[in-house]
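Before any comments, here is the structure.
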Amino acid sequence: MAKSDVDVVVVGAGFAGMYLLHELRENGFTSRVLESGKDVGGTWYWNRYPGARCDIATTDYQYTWDPELHEQWTWSEKHAAQPEILEYAQFVAKKHDLYSGIDFEVKVESAEWDEVAKRWHVRTSTGETITCRHYVMATGCLSVPKDPDIAGTDRYRGPVYVTGRWPHEGVDFTGQRVAVIGTGSSAIQSIPHIAEQAKELVIFQRTPNFSVPTLNGPQPADRVARLKADRATYEDEARLSYSGVPIPPSTVSALATPRDEANALLEQSWQRGELLSVGATFMDAGTSRDANEVVAEFVRSKVRSVVKDPETAELLSPRGYPYGTKRPCMDTNYYQTFNLPHVRLVDLNTKPIRSITETGIDFGDESKEFDSIVYATGFDAMTGAIVAVDITGKDGLTLKQKWENGPLTYLGLTSVGFPNLYMITGPGSPSVLSNMMVSIEQHVEWIRDTLIDMRAKGLDTIEPTAMAEEGWRQHCADCADITLFQDTNSWYMGANVPGKPRVLFPYIGGVGRYRRICDEVRERDYLGFELAGSGKSSTNDGLVREIQPDVEMLLDAMAMLNLPPIESMSPPDARMFMEMSSAVRPPGPEVGEIIDGMLPGADGPIEYRLYRPPTPGPHPVVVYYHGGGWVIGSHTSDDPLCRELCVKSNVVIVSVNYRHAPEHRFPAAADDSFAALQWVAANAASLGGDPTRLAVAGWSAGGNVAAVAAQLARDNGGPSLKGQLLLTPAVDGSKEYSSMRENAEGYVLTKSLMDWFWDHYADPSDRSHPKASPLLAESLANLPPAVIVTGQYDPLRDEGDAYAAALKAAGVPVQHIQARGHTHTSVGMVDVLPSGRPVRDQMAAALRGFFV
Ligand code: NAP
């Protein structure tokens, strides 16, 4: 007789529930696993439609926790079909005696947290109530078919089939007139098989999908060889990869590759016949629409090459959304099916379904009778199965109520108000954007280790903090914001279910990064969790990731390059190094005109570069000062940023090459900057600018001299300025702010590099002079309006913040942009870091605002 009071209740006996049951037993936890089906296998138990096949190759879609399985089980194909995967699940369940720990044909109806007993009460369809300390939803991401939201579905009197609930005995469509509604993965796999039997097949398509041929056959030889040579390394690579399959990240930009070469690379990927290969051909296909279009057009050309009727080929060709933002499909002879005379494609955009009728479907101006209707209309994904169970946490709040506006989780594993509730591959975890096997194992192991830790410390409850949950929501949104997913109507975004909140449900920061974060949470003593038991409780509040994801990725890549620190070089070498780094960056947008010239500095001529917008002038003029710690850089070194500011703000930019230290120490740079400003003001009209609309701007040390130039203009009778834009400026060299210690290392500009810059530029005794440290000016009143951008991970953050506050206190209008998750250098990296774009948009708008 199964116990009604256990340590852990697990809902679902798919691959997640099975592995968790094994681990709980191994570690001495009592458990009940409840499964609504009659057997193990989850997805592979329910999805028995013809042609159902795994899109991840069998080399990668298998358990790794039992090494014996690799000897005991041999996959017959590269992409296994549903019956074989189900057999594999059954084989594992038998081998490990899992059947004895699972209650089949039991549905969980509700689960309620008992705050006094610190236990969950789980009520089942058999009338039993099971009490448990921990409650795990291992219910899968795509397990609840969505209601077909089509008029008249209940009128039809013939047989209806739903791909996700296919009859176990199979269906024979021989001689029938069949309708298939939907063209997602399930439809694309089943249509060729249904077409083989049906007398007539009509496919109703709302949105065409991108599909890649499976090219099934034996397992890929290179993967098998790698697995045989060193399975442990292979599996580790998968665990730390982006998607849970060990494909090395691409370093090729589609935009920088001539089209014929790009197509040749795509052809190689196509021939691999793998879900992830085409999308992973280029590094920028996931973040740049133009790069993505190279991939999309290649796939469309493949459709055209197969489908003989050009009109049908065009209807089957996805347009208007980027490749990969709806889940790409894998097929065997899908497009070929449309060349068969008895197969017809109906475009629901021009011929919408008016109603399902008693005998068929009314669509467009037609009425057609069908012998069977197949709904391949998808799932209430990610959250459907979780909220289908009435889960009530603390204070009577249900998870459904809490998630009304979108799922809120910490790590996609836990949720505030629901102690000891865990979700395997829940929303906010990589889940459906990953190889599920890798993600399942990782979640099971995290939960197992957490339960072991809690037991060892005598702790009864674990619950995330509100701050950690909000921080995770923000991090997930930051990851999503730099991708192309947001604008596509996909089930990833909840768009397939009417009324569902529109957010990106899975975590898109990558499997490897996600694993590191989860590990870090445990290593940092359950950061973001409150743990309690036996009269003691501890809250370890905090945010596990605040840095912008693309910034983190770049920092990781730079760390791998192991570059020498700039401060270990001589100034000439440092300058050369910076020039070489600049040579490989994207150039920034086209401007109307670029003119290089010379202007009189404080002690001889200095160079400038003028950027003119393509619009008719005269334009406002902005004198720009480059970054580089007064030592490195030049009037051209911030070229992409100057171009972008020019075009986006519709201003002439004059970028000035002030003299550099150590050859020309303080106050040479400051004096040149002011001299350049005076010259530009006097010559604005001949430069095509409007002398009455003048401003200064600068980044880093350039922000320093821009601020100084604005003060000198105020104190020396002009020129009159409309504004000053200071991007992560150095404004006080006289003392060390806490951000200098907090961000001393690891964020490109380091404390030791900043010390090196100051040492080259100014003697310690000079650093309190306002021409070196404009924050220390006697008065900051009557300065032009300022826009100040500071970066969270910048050693100079606090002095920039202090300058913004001091200007405000002195009555200067200030717009202070605190760039969350950014470093000293990241905001200005045009076309490299998408997360900087919104900040630069704000900067550009502010610059325009100076002149209205
Ligand atoms: P899906 O991708 O959501 O496709 C549903 C299809 O039905 C779409 O074409 C959708 O059109 C259409 N549809 C939905 N409601 C409709 C309506 N009211 N009127 C007309 N058309 C409607 O669902 P799925 O094919 O079952 O696949 C879901 C996911 O399961 C896949 O993306 C994949 O992650 C997983 N899956 C994996 C495999 C595999 O690994 N081999 C196989 C099958 C499924 P719109 O696009 O316009 O919404």
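Order of appearance sets the numbers: ligands from 1, and atoms from 1 within every ligand. Computed over heavy atoms, backbone and side chain alike; hydrogens, waters and symmetry mates excluded. Predicted, not measured: the structure shown is a model, and the values here were computed from it.
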When rounded to the nearest 0.5 Å, the distance separating OG1 of T425 from CE of M437 is 12.0 Å
Logged contact type for T163 with ligand 1, heavy-atom cut-off 4.0 Å, is neither
Heavy-atom proximity to atom 24 (P) of ligand 1 ranks first, among A151, P352, A80, S186, for S186
Could you please spell out the steps behind the salt bridge (Lys or Arg N to Asp or Glu O under 4.0 Å) verdict for E366 and R344? CA-CA 14 Å; E366 294 181 50; R344 173 184 171 195; 2.7 Å; yes
of all protein heavy atoms, closest to atom 31 (C) of ligand 1 is S185 OG, 3.5 Å
At under 4.0 Å between heavy atoms, what of T207 touches ligand 1? The answer is both
When distances are taken from atom 4 (O) of ligand 1, the protein heavy atom at minimum range is G184 CA, 3.4 Å
One finds that the ligand 1 atoms under 4.0 Å from a non-hydrogen atom of L348 are 20 (C)
Per-atom filter on ligand 1: closer than 4.0 angstrom to a heavy atom of R327 are 31 (C), 32 (O), 33 (C), 34 (O), 37 (C), 39 (C), 40 (O)
The atoms of ligand 1 lying under 4.0 Å from a heavy atom of F379, numbered in the order shown, are 26 (O), 28 (C)
closest protein heavy atom to atom 10 (C) of ligand 1 is R206 NH2, 4.3 Å
Please find out if less than 6.0 Å separates the ring center of Y88 from that of W75. yes
Here the atoms of ligand 1 under 4.0 Å from any heavy atom belonging to K326 are 45 (P), 46 (O)
Any side-chain donor near an acceptor of the partner, T281 and S269, under 3.5 Å
yes
Only residue of Y156, Y375, F173 satisfying ring pair (Phe, Tyr, Trp, His ring centres under 6.0 Å) with Y161 is F173
Of A81, G182, G378, the one whose closest heavy atom lies nearest atom 1 (P) of ligand 1 is G378
If only side-chain N and O atoms count, and only distance matters, is there a donor-acceptor pair under 3.5 Å linking N435 with R239? no
Counting from 1 in the order shown, the ligand 1 atoms closer than 4.0 Å to a non-hydrogen atom of R53 are 39 (C), 40 (O), 41 (N)
> Do any nitrogen or oxygen atoms of N496 lie less than 3.5 angstrom from nitrogen or oxygen atoms of ligand 1?
Replying inline: no
Original post:
Do you see a donor-acceptor pair shorter than 3.5 Å between the side chains of Q82 and N47?
Top reply: no
Legend entry - T59 side chain reached by Y234 side chain, heavy atoms, under 4.5 Å: yes
The atoms of ligand 1 lying under 4.0 Å from a heavy atom of D149, numbered in the order shown, are 15 (N), 17 (C), 18 (N)
**Message:** Taking only non-hydrogen atoms of A376, do any sit less than 4.0 angstrom from ligand 1?
**Reply:** yes
Indicate whether any N or O donor in one side chain lies under 3.5 Å from an N or O acceptor in the other, for S367 and D362. yes
Any heavy atom of F204 under 4.0 Å from ligand 1? The part involved is neither
Within 4.0 Å of some non-hydrogen atom of L142, the atoms of ligand 1 are 29 (C), 30 (O), 34 (O), 35 (C)
Residue, atom and distance of the protein heavy atom nearest atom 3 (O) of ligand 1 read W491 CD1, 3.4 Å
Rounded to the nearest 0.5 angstrom, the NZ-NE2 distance for K38 and H168 is 7.0 Å
Short version for M330: what comes under 4.0 Å of ligand 1, heavy atoms counted, is neither
Ranked by distance from atom 9 (O) of ligand 1, the top protein heavy atom is T183 N, 2.8 Å
Under 4.0 Å between heavy atoms, the region of A495 that gets near ligand 1 turns out to be neither
Query - Polar contact flag, side-chain donor to acceptor under 3.5 angstrom, Q176-K199 - result: no
Distance col, row L34:CG vs T139:OG1, nearest 0.5 angstrom, shows 12.0 Å
Closest to atom 15 (N) of ligand 1 among protein heavy atoms sits K146 NZ, 2.8 Å
So for I150 against ligand 1, with non-hydrogen atoms under 4.0 Å, the contacting part is side chain
The answer for which part of Y375 has a heavy atom under 4.0 Å from ligand 1 is neither
Taking only non-hydrogen atoms of Y49 and a 4.0 Å limit, the atoms of ligand 1 in range are 42 (C), 43 (C)
What I want to check is whether the side chains of N209 and Y334 have a donor and an acceptor closer together than 3.5 Å.
no
Cation-pi check for W46 against R165: NZ or CZ below 6.0 Å from the six-membered ring centre and within 45 degrees of the axis, yes or no? yes
